[in-house]
There are 2 protein chains.
Amino acid sequence: MSAVPAESVETPEPAWRQRAVERSTRAAKLRAEQRVQRFLDAAQELIADKGTTDFTVQEVVERSRQSLRSFYQHFDGKHELLLALFEDALSKSAAAIREQVAAGQDPLERLKLAVELLYDSSRPREGRQSPLFTDFAVQLLVSHPEQVASAHLPLLDFFTEMVEEAVETGQAVAPKPRRTASLIMQTAMFTAQAPSARVGAHPSPITVEEVWAFCLGGISGGPVSDGTPATAPTVKKTAAKTGAKKKASAKKSASATTAARKTGAAASPPRRG
Amino acid sequence: MSAVPAESVETPEPAWRQRAVERSTRAAKLRAEQRVQRFLDAAQELIADKGTTDFTVQEVVERSRQSLRSFYQHFDGKHELLLALFEDALSKSAAAIREQVAAGQDPLERLKLAVELLYDSSRPREGRQSPLFTDFAVQLLVSHPEQVASAHLPLLDFFTEMVEEAVETGQAVAPKPRRTASLIMQTAMFTAQAPSARVGAHPSPITVEEVWAFCLGGISGGPVSDGTPATAPTVKKTAAKTGAKKKASAKKSASATTAARKTGAAASPPRRG
DNA sequence: CAGAATCGAGAATAGCATTCTCGCTAGTAG
DNA sequence: CTACTAGCGAGAATGCTATTCTCGATTCTG
């Protein structure tokens with residue numbers, strides 16, 4: 001976007017003009033946000049209603065009593081809308097888990113509770129809203145992994161914190177807390193999500209307890225004394241950052257308002273023939 | 001659909017008629033299978049070429065030099081086609097892993113190798129063919145979990161075997177081998193699939209080693225003592241032989257000289273109620 | 001060879017996302 | 001009050017695909 005000589009010769013936008021534009025913009029932006037919110041709400045209702053993210057843009061438009069035109073004026077497309085809802089739901093979920101876990105004292109116990117909560121909220125329940133994002137989330141995972149990742153950041157931060165604490169108290173071993181946290185989260189979320197082999201295999205899906213037991217093993221200093229001549233597995237804990245470094249990220253933000261996003265960046269361009 | 005209906009009556013379909021039908025059927029069935037195979041091959045080529053499962057039914061039809069009509073006469077829809085390819089790929093993958101792992105002696109070592117192979121094949125590489133099923137697989141996971149599960153069965157069986165063996169040799173602890181195997185597989189596959197938090201978080205995705213270390217901890221006898229009312233420690237000493245080397249899959253002769261174009265395309269499942 | 005199956009080509013449908021065209025309405029400077 | 005502009009609602013128009021349906025043409029079967 002920097003190689004456009006033809007335009008770089010334009011007038012340098014005087015400050016007063018910028019301000020003028022800014023002012024006339026503010027009001028509009030406010031209204032825009034309201035509209036956006038209406039779309040968001042409508043979509044949320046639809047999801048809760050139908051149980052899937054398969055609603056049509058039309059439906060959202062109708063329910064929000066606005067117009068298609070308006071929709072596309074505020075969102076880059078259905079995808080953006082879903083992404084917004086997704087992020088919003090995730091950050092709320094993160095906040096909720098954080099809060100419920102706050103009570104616990106023991107790091108490991110807190111982590112366990114967090115895993116249980118995460119597992120539970122990742123579960124495809126029927127009536128409620130948030131869970132249905134899981135299916136969209138999975139789809140998103142293959143189409144826009146980066147955005148999913150960033151949406152997961154708050155939660156990942158939190159889990160990382162807990163893992164670090166557990167490491168500090170010697171209850172766990174994790175040379176790379178963040179990565180370990182990521183693994184734990186993934187395990188919990190995907191296991192909850194996937195009705196995995198419930199066919200000829202076991203009839204009942206894997207439970208939270210099992211997930212936790214598995215994760216627990218994964219972080220407890222495991223007896224890595226297997227005679228395998230492979231590369232030393234777990235022992236890469238080079239100077240475990242146990243010393244100080246208390247990250248203690250007290251981000252109590254959770255300002256869910258994911259209103260108008262329009263990152264308009266790597267969004268898939270509308271295919272045109 | 002307008003053929004002889006009264007079949008529910010006592011008319012027991014004379015043997016001769018059955019035979020006649022059978023005969024006239026056999027040939028047809030044979031031809032049908034050939035046609036089906038052509039569709040399958042064409043689809044596979046397209047996937048290898050374009051790198052996604054986003055091909056059009058039209059394309060498959062054209063490439064296979066057959067017709068739309070024929071396509072829908074043999075497949076219930078694009079979905080069925082993909083499912084067929086998916087199952088095929090998975091079972092081949094299972095066979096391949098089985099084979100490569102067969103060499104190993106130590107149960108745990110074999111398991112490790114299997115995890116590595118599984119992780120690798122679940123990885124969304126660029127140009128190649130099969131791995132791209134992962135994205136379809138994920139989608140399938142939410143739309144037809146059962147079929148995915150059944151497709152995973154062979155692999156799950158194999159992993160279960162290994163876990164059981166490891167348990168027998170005392171290298172692992174798993175009250176429920178099958179479930180544990182499932183967890184391991186899921187962890188490996190999803191972790192490989194998900195480029196998870198690679199944003200502000202760690203730049204490099206989680207590696208196989210990390211996955212293995214995590215899983216290893218999860219199965220090594222750890223301070224695990226949760227609810228999971230384990231039935232008597234599985235002592236079923238199954239003679240896990242695993243022999244049978246079934247390779248012979250050296251087709252691959254497609255013309256993959258095409259430069260991947262476009263590729264970007266937001267997945268929008270045409271699902272309908 | 002005649003009739004029955006199939007098949008190839010491709011037109012016709014249909015569901016959806018995304019665009020685009022028309023007025024309409026409110027705010028605003030003149 | 002009036003011309004002008006921006007944003008909006010309605011809804012038609014597009015574009016892309018999957019899926020169906022129609023019409024001869026071909027192949028198989030007896």
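Throughout, protein chains are lettered first and strands after them, A, B, ... in sequence-line order, and every chain is numbered starting at 1. All values below come from the heavy atoms of this structure, side chains included, with hydrogens, waters and symmetry mates left out.
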Nearest whole angstrom, please: distance from the [atom2] of [N] to the [atom1] of [X].
| X | N | atom1 | atom2 | answer |
| --- | --- | --- | --- | --- |
| A/Leu82 | C/dC16 | CG | P | 15 Å |
| A/Lys78 | C/dT19 | NZ | C1' | 18 Å |
| B/Asp76 | D/dA18 | CG | P | 15 Å |
| A/Arg31 | D/dC8 | CZ | P | 7 Å |
| B/Asp54 | D/dA18 | CG | C1' | 13 Å |
| B/Arg65 | C/dG8 | CZ | P | 11 Å |
| B/Phe71 | C/dG8 | CZ | C1' | 16 Å |
| A/Arg69 | C/dT25 | CZ | P | 15 Å |

*Check every strand shown and say whether B/Phe75 touches a base, only sugar-phosphate, or nothing at a heavy-atom separation below 4.0 Å.*
nothing
With a cut-off of less than 4.0 Å, is there a side-chain N or O of [X] near OP1 or OP2 of [N]?
| X | N | answer |
| --- | --- | --- |
| A/Ser67 | D/dC8 | no |
| B/Gln73 | C/dT6 | no |
| A/Tyr72 | C/dT18 | yes |
| B/His74 | C/dC7 | yes |
| B/Thr56 | D/dA18 | yes |

*Identify, between A/Ser70 and A/Gln58, the residue whose nearest nucleotide on DNA chain D lies closer to the 5' end.*
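The residue closer to the strand's 5' end, by nearest nucleotide, is A/Ser70.
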_Note, B/Phe136 side chain near B/Leu85 side chain (heavy atom, < 4.5 Å)_ =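 No - every pair of side-chain heavy atoms lies 4.5 Å or more apart.
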*asked:* Are the side chains of A/Leu81 and A/Phe86 in contact, using a 4.5 Å heavy-atom criterion?
replied: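 Not in contact.
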*Could you point out which residue of B/Val57, B/Leu40, B/Val60, B/Leu82 forms a side chain to side chain contact (heavy atoms under 4.5 Å, CB included) with B/Phe75?*
B/Leu40
_Earlier contact from the 5' end, DNA chain C, for B/Arg35 and A/Gly77_ = B/Arg35
_5' precedence on DNA chain C between B/Leu68 and B/Ala32 (nearest-nucleotide basis)_ =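 In this pair, the answer is B/Ala32.
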*Do A/Lys78 and A/Phe71 meet the cation-pi criteria used here (NZ or CZ under 6.0 Å from the six-membered ring centre, within 45° of the axis)?*
no
*State, without any angle test, whether A/Gln73 and A/Arg69 hold a side-chain donor-acceptor pair at a distance under 3.5 Å.*
yes
